[in-house]
Peer 1: 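I am attaching a structure below and will ask some questions about it afterwards.
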Amino acid sequence: VAGLVLSTIMVPAAMGYAQAAGLPAITGLYATVGPLLAYFLFGPSQTLVLGPDSALIAPMAASIIPLAGGDAGRSVALAAALALMVGAICIAAAVARLGFLTDFLSGPVRVGYMNGIALTVIVSQVPKLLGFSVSASDFLGESIGIVHGVLEGRVVPLALLVGGSSLVVILALRRSARRLPAILIAVVLATLMVSVFGLAGQLSVVGAVPRGFAAAGIPVVSVADLLALAPGALGIALLAFTDTSVNSRTFNSRRGESVDPDQELAALGACNVASALLGGFPISSSATRTPVAEAAGARTQVTSLVGAGVVVLLLVAVPGLLTTLPSTALAAIVITAALGLFDIAGVRRLLRLRRAEFGLSVIAFLGVAVFGVLPGIGIAVGLSLLEFIRHAWRPHDAVLGRVPNYKGYHDVERHPDARQVPGLLLYRWDAPLFFANADLFRIRARAVVRGVEPLVRWLVVSAEPVTDVDTTAADALDELITDLARAGIELHFAEMKGHVKDRLRSYGVYQRLGDASFHPTVGTAVKAYLVLHHVPWVDWEDAAAAGTEDAAERPEEADPSPEARRP
């Protein structure tokens with residue numbers, strides 16, 4: 001039952017996505033069958049549905065249309081070759097266990113580029129909804145073309161009536177009767193309207209479709225075409241796996257299951273290869289079809305198997321059912337799907353919580369809208385990586401002190417009442433040490449000990465957040481040791497991880513400092529300092545244990561013995 005319900009949604013949507021990408025509508029069905037069967041065989045998720053997806057329309061069109069030159073047969077071959085390349089990239093990435101790479105695409109950037117893709121797709125479909133076409137293939141050109149078309153009176157009222165009615169029906173049913181198959185109802189009504197009133201000659205319709213899988217086989221394209229498609233294939237592979245990974249984690253977590261991202265990546269690759277061999281185009285998962293299948297009773301991938309069977313029967317037995325389906329109705333389907341890509345709530349949340357990430361989201365959105373989907377994806381990935389580097393480049397750091405009645409050592413800026421051991425400065429650096437921040441660390445470490453009274457004898461770096469030290473940072477540490485030594489200050493580390501110590505040994509920095517400069521905890525570092533240097537200090541815990549809570553407030557009266565100076 002779930003498979004039957006799923007097929008009623010996938011068939012019209014897939015055909016609409018195909019036309020939106022500049023392909024014959026029938027290729028949408030080719031791109032539906034193969035992925036459903038492949039995911040049944042190889043997919044790790046029990047209910048995730050893969051197939052044509054609205055998020056891939058714009059990058060597909062940007063890759064195929066300029067090369068096809070208006071030749072429908074060539075566009076089909078190029079689309080299949082693109083899917084084959086996307087599949088090969090995904091499988092190769094899975095073998096290399098690169099499933100973690102999608103984590104580099106930050107949430108704010110993903111929100112921005114998905115909003116940009118949604119707007120691009122909607123603008124590309126508005127002319128079809130209005131019954132005319134524009135020659136431009138980019139967002140700005142299409143927007144200008146739409147305005148000119150409306151002002152020049154090129155709108156076809158009948159196309160607007162049929163397409164607009166389909167749009168209203170889908171949106172209204174989704175809002176008021178979610179259990180009803182809104183897309184199927186709109187498609188049936190539009191097709192009946194064309195058939196009953198004989199409007200096929202006045203509207204653009206799907207027309208006769210070939211029986212079976214007419215485009216099956218390995219796509220025949222030139223090496224030059226493959227090179228031209230390569231950037232698009234990389235962008236689509238990243239976009240497809242990002243969406244599939246997010247959807248897989250979301251839907252599987254609801255079922256209390258977890259999925260290996262590399263296995264999901266390999267399954268996505270297999271699905272794209274299957275789509276290519278049947279004459280389809282690149283595919284992804286869907287955040288709309290999967291919940292529909294679950295609501296209809298899907299519990300295993302048998303749902304996908306049944307859905308694929310229904311589409312095959314349609315192609316083999318009754319392809320004529322699709323002949324009078326109006327293109328303007330398909331445009332309405334694509335527009336409603338693209339509306340679902342917008343994340344306005346996410347944008348508002350970013351604006352409210354963190355303006356910098358809101359700015360990144362806006363830049364990613366503008367990158368897609370102004371420069372195109374593929375460059376926009378590149379901009380989005382670059383922004384994500386730059387944001388990561390920016391946080392590590394200028395990380396948070398803090399001077400630490402002992403807060404009364406509060407375990408551990410804490411940021412003195414957040415705790416003005418924190419006390420510091422005379423001559424000992426505790427300093428925390430909240431990032432790995434690498435080429436981009438090595439000089440800053442050296443500068444900050446020298447700055448925090450400057451002008452402190454009494455003069456600092458030890459600088460202890462709380463190094464638990466330092467997960468790595470590269471060669472550039474090692475050189476900076478070497479310089480820092482020399483700089484501090486000139487000022488009579490020893491450099492120590494506390495809570496440094498074992499593998500980071502191994503790095504310092506390989507660089508020779510560990511040997512220069514010696515074993516005594518590395519302490520398991522900040523507390524043991526403080527204790528080691530107090531044993532060597534007789535300074536007035538009573539820890540509040542020791543004072544409380546001794547019943548002299550007020551001694552911590554009068555360190556000059558405290559017993560200078562080591563026992564009284566325990567941290």
Peer 1: I need the E357 CD to L360 CG distance, nearest 0.5 Å.
Peer 2: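 E357 atom CD to L360 atom CG measures 7.0 Å (nearest 0.5 Å).
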Peer 1: Verify the neighbour count for atom CD of Q511: are there more than 12 heavy atoms of other residues, nucleotides or ligands below 6.0 Å?
Peer 2: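 Above 12, so yes.
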Peer 1: Could you list the residues that satisfy side chain to side chain donor-acceptor pair (under 3.5 Å) with S304, not counting sequence neighbours?
Peer 2: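 So S304 forms a side chain to side chain donor-acceptor pair (under 3.5 Å) with Q301.
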Peer 1: Identify the heavy atoms of T47 and A298 that sit nearest to each other, and give their distance.
Peer 2: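 Where T47 meets A298 most closely, the heavy atoms are CG2-O, 3.8 Å.
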Peer 1: Using side chain to side chain contact (heavy atoms under 4.5 Å, CB included), reason through L350 and R355 one step at a time and then give a plain yes or no.
Peer 2: CA-CA 7 Å; L350 292 174; R355 295 292 179 89; over 6 Å; no
Peer 1: Hey, does the Lys NZ or Arg CZ of R402 hover above the aromatic six-ring of W537, less than 6.0 Å from the centre and inside 45° of the axis?
Peer 2: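 Geometry flag: not set, cation outside 6.0 Å or 45°.
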Peer 1: Can you pull out every salt bridge (charged side-chain N to carboxylate O under 4.0 Å, His left out) where at least one residue sits in residues 439-459? Sequence neighbours excluded, please.
Peer 2: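 For residues 439-459: D397-R444, D439-R442, R442-E479, R442-D483, R446-D483.
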Peer 1: Does any N or O in the side chain of R503 come within less than 3.5 Å of the main-chain N or O of T471, such that one atom is a donor and the other an acceptor?
Peer 2: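 Such a contact is absent between R503 side chain and T471 backbone.
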Peer 1: Can you confirm whether V86 sits close enough to C90 that some side-chain heavy atom of one is under 4.5 Å from a side-chain heavy atom of the other?
Peer 2: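 The answer is yes; the side chains approach within 4.5 Å.
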Peer 1: Taking C-beta and beyond as the side chain, do L424 and V456 meet within less than 4.5 Å on heavy atoms?
Peer 2: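 With C-beta onward as the side chain, the pair stays apart.
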Peer 1: Given 3.5 Å as the limit, does a donor-acceptor pair link the side chain of H534 with the main chain of V531, or not?
Peer 2: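 Flag not set: sc H534 to bb V531 has no pair under 3.5 Å.
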Peer 1: Return the orientation label for the W458 and H492 ring planes: parallel under 30°, perpendicular over 60°, tilted otherwise.
Peer 2: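 W458 vs H492 ring planes: parallel.
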Peer 1: For T120 versus A58, what's the shortest heavy-atom pair and its separation?
Peer 2: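 Shortest heavy-atom contact: CG2-CB, 4.1 Å.
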Peer 1: Measure the spacing between CG of L455 and CD1 of I489 and express it to the nearest 0.5 Å.
Peer 2: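 The distance works out to 8.0 Å.
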Peer 1: Do V347 and N115 have side-chain heavy atoms sitting under 4.5 Å apart?
Peer 2: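 Side-chain contact under 4.5 Å: yes.
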Peer 1: Quick one, V526 and Y409 - any side-chain contact, counting heavy atoms below 4.5 Å?
Peer 2: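 Yes, at least one pair of side-chain atoms sits under 4.5 Å.
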Peer 1: Whether the side chain of N437 engages the backbone of P395 through a donor-acceptor N/O pair (distance < 3.5 Å, no angle test) should be reported.
Peer 2: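 No; judged by distance alone, with no hydrogens or angles, the pair does not exist.
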Peer 1: What pairs with L513 under side chain to side chain contact (heavy atoms under 4.5 Å, CB included), at least two apart in sequence or on another chain?
Peer 2: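 Expected list: I481, L491, F493, V509, S517, F518.
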Peer 1: Please check if the side chain of S462 supplies one atom and the backbone of R428 the other of a donor-acceptor pair under 3.5 Å.
Peer 2: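 Not a single qualifying donor-acceptor pair exists.
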Peer 1: List the steps, then state whether side chain to side chain contact (heavy atoms under 4.5 Å, CB included) holds for L239 with I117.
Peer 2: CA-CA 11 Å; L239 182 56; I117 287 175; 3.8 Å; yes
Peer 1: Counting only N and O atoms by type, is there a donor-acceptor contact under 3.5 Å from the side chain of K497 to the main-chain atoms of E464?
Peer 2: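 It does hold such a pair.
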Peer 1: Roughly how far, to the nearest 0.5 Å, is the CG atom of L50 from the SG atom of C271?
Peer 2: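 So the SG of C271 and the CG of L50 are separated by 5.0 Å.
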Peer 1: Considering non-hydrogen atoms only, spot the tightest contact between F365 and G116 and give its length.
Peer 2: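 Distance-wise, the nearest heavy atoms are CD1-N, 3.3 Å.
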Peer 1: Distance from T300 atom OG1 to Q46 atom CD, nearest 0.5 Å?
Peer 2: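 Rounded to the nearest 0.5 Å, the OG1-CD separation comes out at 6.5 Å.
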Peer 1: Distance-only, no hydrogens or angles: does the S275 side chain make a donor-acceptor pair with backbone N or O of F281 under 3.5 Å?
Peer 2: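 A pair under 3.5 Å: yes.
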Peer 1: With no hydrogens and no angle check, is any side-chain donor or acceptor of T244 less than 3.5 Å from a backbone partner on F241?
Peer 2: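 No; zero donor-acceptor contacts below 3.5 Å.
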Peer 1: Go through the steps to decide whether F139 and S124 satisfy the test side chain to side chain contact (heavy atoms under 4.5 Å, CB included), and finish with yes or no.
Peer 2: CA-CA 8 Å; F139 172 77; S124 72; over 6 Å; no
Peer 1: Run the side chain to side chain contact (heavy atoms under 4.5 Å, CB included) test against Q125 and tell me which residues pass, sequence neighbours left out.
Peer 2: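 For Q125 the side chain to side chain contact (heavy atoms under 4.5 Å, CB included) partners, ignoring immediate neighbours, are A20, K128, A331, V334, I335.
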Peer 1: Could you tell me which non-hydrogen atom of G401 sits nearest to which non-hydrogen atom of Q420, and how far apart they are?
Peer 2: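 Scanning both residues, the minimum pair turns out to be CA-CG, 4.3 Å.
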Peer 1: When rounded to the nearest 0.5 angstrom, what is the spacing between OH in Y529 and NE2 in H519?
Peer 2: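 Taking OH in Y529 and NE2 in H519, the distance rounds to 12.0 Å.
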Peer 1: So, Y507 side chain and V469 main chain: donor-acceptor pair closer than 3.5 Å or not?
Peer 2: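 Side chain of Y507 to backbone of V469, a donor-acceptor pair under 3.5 Å: yes, one is there.
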Peer 1: Using the test salt bridge (Lys or Arg N to Asp or Glu O under 4.0 Å), find all partners of R354 that sit at least two apart in sequence or belong to another chain.
Peer 2: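 So R354 forms no salt bridge (Lys or Arg N to Asp or Glu O under 4.0 Å) with any residue.
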Peer 1: Which residue pairs pass the salt bridge (charged side-chain N to carboxylate O under 4.0 Å, His left out) test with at least one member in residues 506-518, sequence neighbours excluded?
Peer 2: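 Those involving residues 506-518 are D478-R512.
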Peer 1: Test your reading of the model: is there a side-chain donor-acceptor pair from D411 to the backbone of L400, 3.5 Å cut-off?
Peer 2: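 No: the side chain of D411 does not pair with the backbone of L400.
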Peer 1: H410 vs Y406 aromatic rings, parallel, tilted or perpendicular, using cut-offs 30° and 60°?
Peer 2: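 Taking Y406 first and then H410, their aromatic rings lie parallel (interplane angle under 30°).
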Peer 1: Does a side-chain heavy-atom distance below 4.5 Å link V399 with L425?
Peer 2: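 SC-SC contact between V399 and L425 confirmed.
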Peer 1: Got a donor-acceptor contact below 3.5 angstrom from the H415 side chain to the P404 backbone?
Peer 2: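 Pair absent, no side-chain N/O of H415 close to backbone of P404.
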Peer 1: Pairs in or reaching into residues 256-276: which pass ring pair (Phe, Tyr, Trp, His ring centres under 6.0 Å), with residues at least two apart or in two chains?
Peer 2: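 Of all non-adjacent pairs touching residues 256-276, none passes ring pair (Phe, Tyr, Trp, His ring centres under 6.0 Å).
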Peer 1: Could you work out, with side chain to side chain donor-acceptor pair (under 3.5 Å) as the rule, every residue matching H396, not counting sequence neighbours?
Peer 2: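 D430.
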Peer 1: Heavy atoms only: give me the nearest L84-A276 pair and the separation to one decimal.
Peer 2: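 Distance-wise, the nearest heavy atoms are N-CB, 3.6 Å.
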Peer 1: Within this structure, what is the OG-CZ distance for the pair S361 and R110, rounded to the nearest 0.5 Å?
Peer 2: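 Those atoms lie 11.5 Å apart.
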Peer 1: The criterion is side chain to side chain contact (heavy atoms under 4.5 Å, CB included); which residues satisfy it with I89, sequence neighbours excluded?
Peer 2: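 With sequence neighbours excluded, I89 shows a side chain to side chain contact (heavy atoms under 4.5 Å, CB included) to A233, L234, A237, given in chain and number order.
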Peer 1: Below 4.5 Å, heavy atoms only, C-beta onward: do F434 and T472 meet side chain to side chain?
Peer 2: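 The answer is no, as the side chains (C-beta and beyond) never meet within the 4.5 Å cut-off.
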Peer 1: Do F371 and I379 come close enough that some side-chain heavy atom pair is under 4.5 Å?
Peer 2: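 Yes, at least one pair of side-chain atoms sits under 4.5 Å.
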Peer 1: Side-chain contact, heavy-atom cut-off 4.5 Å: E490 with L484?
Peer 2: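 The answer is no, as the side chains (C-beta and beyond) never meet within the 4.5 Å cut-off.
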Peer 1: With sequence neighbours excluded, what pairs up with V221 under the side chain to side chain contact (heavy atoms under 4.5 Å, CB included) test?
Peer 2: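 V221 satisfies side chain to side chain contact (heavy atoms under 4.5 Å, CB included) with A77, L78, A81, D225, L226 only.
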Peer 1: Which atom names give the shortest non-hydrogen contact between T467 and H499, and what distance separates them?
Peer 2: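 Smallest interatomic distance, heavy atoms only, reads O-NE2, 2.8 Å.
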Peer 1: Please evaluate residues K501 and R505 with respect to the criterion side chain to side chain contact (heavy atoms under 4.5 Å, CB included), reporting the C-alpha separation (whole Å), side-chain torsions for both, the decisive distance (0.1 Å), and the verdict.
Peer 2: CA-CA 6 Å; K501 291 181 185 177; R505 286 190 182 95; 3.9 Å; yes
Peer 1: Among pairs that include at least one residue of residues 336-353, which meet salt bridge (charged side-chain N to carboxylate O under 4.0 Å, His left out), considering only residues two or more places apart or in two chains?
Peer 2: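 Sorted result for residues 336-353: empty, none.
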Peer 1: Checking D475 now: which residues fulfil salt bridge (Lys or Arg N to Asp or Glu O under 4.0 Å) with it, not counting sequence neighbours?
Peer 2: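 Listed in chain order: nothing, the list is empty.
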